[in-house]
Amino acid sequence: MRAVVQRVASASVSVDGNVISSISKGLMVLVGIGTDDTLADVETLANKMQGRTHSLVLVLRTDHYHRLNIRIFDANGSMWKSSVKDIAGQVLCVSQFTLMANTTKGNKPDFHRAMSSNASRELYATFLEKMRRLYVPDRIQDGQFGAMMDVSLTNEGPVTLTLDTRKFEYVSASGGTEKKSNGNGNKEAKNQMADAADSRSAASVNPSPSDSEVDVS
């Protein structure tokens, strides 16, 4: 799952010209769900926003940790001191499948990494339920899943953060996904580059017959 989190003075969502959700000071959160995302990703993202972390391991005992973890607001003249819960702010979530787009090839976005509508609807609903359970329910607002929405917001700062439950996965040049290269892979790549450089050097010293011989017959 991917999320774009923005600090806002206000935000709203309209469908067919009618405002269906609006918040004042708080967070605007766009949420994208990938084909291989599971309930574990929901837990990770919700707790990243509303739980606490220790040694990079997410703490799921949220009954012991009631503060939103991301300190994105200022306090007493200092930056990054307060969470949205500290300021009694609101959160507006909007499902955004385009966050899963692959744009590495051509000019047309590829959305094959986005989960299908029916499956993602259920997972997104679970995410909202989790968020409301961790905070004051009526302070978690939502757009309209699957609808053509007009989103308006005033970003303070601007301040925008990105969260990704699969941050160690990258999109390969072929359009699929691959794990981050390990040390051996990097060493092998360096060796291949060295070999290629040696070959080019040898070719410049010992040119091929086609480069050095001219047929004058």
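These numbers come from a predicted model, not from an experiment.
L45 is connected to M115 through a chain of hydrophobic side-chain contacts under 4.5 Å among Ile, Leu, Val, Met, Phe, Trp and Tyr, so both are in one cluster. M149 and V29 fall into different hydrophobic clusters, where Ile, Leu, Val, Met, Phe, Trp and Tyr residues are linked whenever their side-chain heavy atoms come under 4.5 Å apart, directly or through other members. Under the 4.5 Å side-chain heavy-atom criterion for Ile, Leu, Val, Met, Phe, Trp and Tyr, I87 and M131 are members of the same hydrophobic cluster. Linking ILVMFWY residues whenever their side-chain heavy atoms come closer than 4.5 Å, directly or via other members, leaves L30 and I33 in distinct clusters. V91 and I20 end up in different hydrophobic clusters when Ile, Leu, Val, Met, Phe, Trp and Tyr side chains are linked at under 4.5 Å.
A salt bridge links D41 with R166: the distance from a Lys NZ or Arg NE/NH1/NH2 to an Asp or Glu carboxylate oxygen falls below 4.0 Å. Look at R113 and D36 and you find a salt bridge, because one of the NZ, NE, NH1 or NH2 atoms lies within 4.0 Å of a carboxylate O, short of that distance.
Of the inter-residue distances, the one linking D74 atom CG with S82 atom OG reads 8.0 Å to the nearest 0.5 angstrom. For the atom pair CD of Q144 and CG of D16, the computed distance is 8.0 Å after rounding to the nearest 0.5 Å. Taken from CG in N118 to CG in L123, the straight-line distance is 13.0 Å, to the nearest 0.5 Å. Interatomic distance, CD1 of I72 versus CG of D86, reported as 12.5 Å (0.5 Å rounding). One distance of note links CZ of R2 with OG1 of T98; it measures 11.0 Å at 0.5 Å rounding.
Between the T126 side chain and the E122 main chain, a donor and an acceptor come within less than 3.5 Å of each other.
Summarising the local packing, CG of D138 is surrounded by more than 12 heavy atoms from other residues, nucleotides or ligands at distances under 6.0 Å.
In this structure, D142 and V94 have side chains that are not in contact, with every pair of non-hydrogen atoms separated by 4.5 Å or more. Between Q6 and L153 the shortest side-chain heavy-atom distance falls below 4.5 Å. Within the 4.5 Å cutoff, side-chain heavy atoms of K25 are placed close to those of E156. In this structure, the side chains of V31 and L99 stay at 4.5 Å or more apart for every pair of heavy atoms. Under the 4.5 Å side-chain criterion, counting only non-hydrogen atoms from C-beta, Y135 is in contact with K85. With contacts defined as side-chain heavy-atom distances shorter than 4.5 Å, the pair V13/V19 does not qualify. Under the 4.5 Å side-chain criterion, counting only non-hydrogen atoms from C-beta, T160 is in contact with N155. The side-chain heavy atoms of M28 and V151, taken from C-beta on, include a pair separated by under 4.5 Å.
Ring geometry for Y124 versus F145: interplanar angle of 30 to 60°, hence tilted.
Looking at every heavy atom in both residues, D37 comes nearest to G32 through OD2-O, 4.4 Å. Closest of all the heavy-atom pairs between R139 and G89 is CD-O, 3.6 Å. Nearest heavy-atom pair across F127 and C93 is CE2-SG, 4.2 Å.
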(request) Report the C-alpha distance between L27 and L92 in whole Å, list the side-chain angles of each, state the deciding distance to 0.1 Å, and finish with yes or no for side chain to side chain contact (heavy atoms under 4.5 Å, CB included). (result) CA-CA 6 Å; L27 300 177; L92 176 56; over 6 Å; no

(request) Check the pair V8, T154 against side chain to side chain contact (heavy atoms under 4.5 Å, CB included), reporting the backbone distance first and the verdict last. (result) CA-CA 5 Å; V8 299; T154 300; 5.8 Å; no

(request) Determine, step by step, whether R7 and F73 satisfy the side chain to side chain contact (heavy atoms under 4.5 Å, CB included) criterion, reporting the C-alpha distance in whole Å, the side-chain angles of both residues, the deciding distance to 0.1 Å, and the verdict. (result) CA-CA 8 Å; R7 185 178 73 182; F73 297 93; 3.2 Å; yes

(request) Apply side chain to side chain contact (heavy atoms under 4.5 Å, CB included) to the pair M1 and V42, showing each step before the final yes or no. (result) CA-CA 7 Å; M1 293 180 72; V42 170; 3.8 Å; yes

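T104 and N102 are linked by a side-chain donor-acceptor pair at a separation below 3.5 angstrom, with hydrogens and angles left out of the test. Side-chain contact check for S22 and Q141: no donor-acceptor pair (N or O, by modelled atom type) lies under 3.5 Å.
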